[in-house]
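Below: one structure, written as structure tokens.
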2 protein chains.
Amino acid sequence: MDEQVPRDFETLRATILDRRESLPKRIAQIAAYALDNPDDIAFGTAASIAASAGVQPSTLIRFAQQLGFDGFTSLQQVFRERLRERNSSYDERLQALRAKAEGGAGHRAIFDGFVAAASTSLNDISRTLDDAHLEEAISLLAKAQTIYVLAKRRSYPVATYIAYALGKLKIRNQLIESAAGLNAEMVSFATPADAVIAISFSPYAPATIEEARTISEQGVPIVAITDSSFSPLAQFARVWFEVAEADFAGFRSLSATMALAMALTVGVGEKRRDAGRKRKA
Amino acid sequence: MDEQVPRDFETLRATILDRRESLPKRIAQIAAYALDNPDDIAFGTAASIAASAGVQPSTLIRFAQQLGFDGFTSLQQVFRERLRERNSSYDERLQALRAKAEGGAGHRAIFDGFVAAASTSLNDISRTLDDAHLEEAISLLAKAQTIYVLAKRRSYPVATYIAYALGKLKIRNQLIESAAGLNAEMVSFATPADAVIAISFSPYAPATIEEARTISEQGVPIVAITDSSFSPLAQFARVWFEVAEADFAGFRSLSATMALAMALTVGVGEKRRDAGRKRKA
DNA sequence: TATGGATTGGAATTATTATTTCATATTGCC
DNA sequence: GGCAATATGAAATAATAATTCCAATCCATA
């Protein structure tokens, strides 16, 4: 027997799809039903499932045996496992996390709180992000000679990640950081042929705002990621994104901002590659 | 009969919580088990569940009857229904995102991909994080005079965030960065009374590994965040976390690492505050 | 501490459900 | 078209699981 019994749903699914052609009519019927209504298989009885699928219970068992199981029951296990593993619904999970984080003692509660905050933020941004803005921002950045990245304090990690990613994609970029106090000079090098990604959240770091103002006065287009339309960054920006990050224990999540930052970065990379290809052709 | 049979899980849950006080001992035992292990109720048999909960099957049935069901089977229906429903939202959403990200054109697809990767990572870490490791790491870091933070390249954003958060919490820390090429000196200042948070993922930055080695040879305890037990960081570390980040378009998410990093940071903050309070009292 | 009612444990009973079996039908092949 | 192999249907059977019942125990109260 080289019969390998599929232990998890994905393998099982693949096996079924693989053999689909060679299965007898009624067995194929059950196979299709199983893949279309996995929940019914998980919960139903052999008789009820067979009835829904329009076959005899014995056929159902034969189907299971063909797949290498020793009966319907062990086939059903796989379908049940699948439901088990898919963790609770998003909201339930989040609620549970929040409950643990709020009520709970210990450090696990803190961790859960941050995970919940991050999940919520991702959820929100996925709902609210404006596709048109994204396109616009990417076009703008793709045309830039050098992309300047401007962020302090809480937003700084995002800036360093953007810089890292742009670097890996071989896109010229300059992180505006203050180690040597030469920010003003760095900023002054930017021209309208360049572009800026500026990130700042309330309370806005004064230095970020100042530098954004200066650089926008030089005619350099700015893509801003910030948290409200009242943000001082918004007024200097050519395109701006409103990202609402949930917070926990006084620290805001960064995951939504990170996801957006990565999308911008990789988006620019793709756009440039496409443009390059077109130019050559 | 004013007995209202709870038809959905939430109502059932509320009912149970409501009556908790007035339930007899064994029934209460089953009630607690049911709320803690709803999946087991959904899939198990009366006998298996009763055994897990440490009661007799008959008690399980009495529990169901007290709630107005006519037997275990109808109680179980509610738990199954819950699984069916919950299963749809979260996973479907993620799958939809992935599908869009994979199949889809345009830049929205890229964004969706990063959101999906981040969600998956958060999901995973929330399932796999070991509470004991977390406690251990926090105790270790809370005792440190100075917390050194060590990470390069892709992990660097996490390090900067940790440094920012530690700073805000007024916890002495030192980010080991190479601007002036003085890393070796910085590292040499660390003593066994300090501690290190080191973060590195495959392909491990050689500098991170080297510095981690040196610093651990000086007897400084290391808390590592890395991606597998084969990681060179793991061998130097007193405590280490395995974090599996999903990736998209060649860039790994950072959200799980970030959540863990924040939990460590804030955890240390809390632990110190508690210790301080105790000392005064 | 004695007594009644409520609760529990455990085995007996009943029901439900999976599986097997066998007769019948269908299909592919010579 | 006939034969064998395969597939299918339907009912009988075996297994498993839910439920019931009754004796034992616990608990509150007088």
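As a basis for the values below, the full set of heavy atoms in this structure was taken, side chains included, without hydrogen atoms, waters or symmetry mates. Labels below follow one simple rule: chain letters A, B, ... track the order of the sequence lines, proteins then strands, and each chain is numbered from 1.
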> Regarding B/Asp8 and B/Thr11, is there a side-chain donor-to-acceptor distance under 3.5 Å anywhere?
Replying inline: yes
> What integer distance in Å separates B/Gln56:CD from D/dT20:C1'?
Replying inline: 14 Å
> Would you call B/Asp124 and B/Arg127 a salt bridge, taking side-chain N to carboxylate O under 4.0 Å as the test?
Replying inline: yes
> Heavy atoms under 4.0 Å, any strand shown: does B/Ile27 hit a base, just sugar-phosphate, or nothing?
Replying inline: sugar-phosphate
> Rounded to the nearest Å, what distance is computed from the CD atom of residue A/Gln66 to the P atom of nucleotide D/dT6?
Replying inline: 11 Å
> Rounded to the nearest Å, what distance is computed from the CG atom of residue B/Leu75 to the C1' atom of nucleotide D/dA17?
Replying inline: 16 Å
> Does a donor on one side chain sit under 3.5 Å from an acceptor on the other, for A/Ser255 and B/Ser255?
Replying inline: no
> So, is B/Thr59 close to the C/dG9 phosphate, meaning a side-chain N or O under 4.0 Å from OP1 or OP2?
Replying inline: yes
> A/Lys25 NZ to C/dA25 P: how many Å, rounded?
Replying inline: 15 Å
>> Before you tell me yes or no, could you show the steps for A/Gln65 and A/Arg62 under side-chain hydrogen bond (donor to acceptor under 3.5 Å, both in side chains), namely the whole-Å CA-CA distance, both residues' side-chain angles and the distance that decides it to 0.1 Å?
In response: CA-CA 5 Å; A/Gln65 288 170 341; A/Arg62 287 180 195 120; over 6 Å; no
>> Measuring from the side chain of B/Pro24 (C-beta onward, heavy atoms only), which nucleotide among C/dT7, D/dG9, C/dG10 has the closest atom?
In response: C/dT7
> Under 4.0 Å between a Lys/Arg side-chain N and an Asp/Glu carboxylate O for A/Asp18 and A/Arg13?
Replying inline: no
> Could you state the CG-C1' distance from A/Leu60 to D/dA10, rounded to the nearest angstrom?
Replying inline: 15 Å
>> Counting primed atoms plus P, OP1 and OP2 as sugar-phosphate and everything else as base, spell out the protein contacts along nucleotides 17-23 of chain C at 4.0 Å heavy-atom distance: B, S or - for each nucleotide, 5' to 3'.
In response: SSBBB--
> Tell me: CZ of A/Phe63 to P of D/dA7, nearest whole Å?
Replying inline: 14 Å
>> Enumerate the ring pair (Phe, Tyr, Trp, His ring centres under 6.0 Å) contacts for residues 18-61 of chain B, please, sequence neighbours excluded, ordered by first and then second residue.
In response: A/Phe43-B/Phe43
> CZ of B/Arg26 versus C1' of C/dG9: gap in Å, rounded?
Replying inline: 9 Å
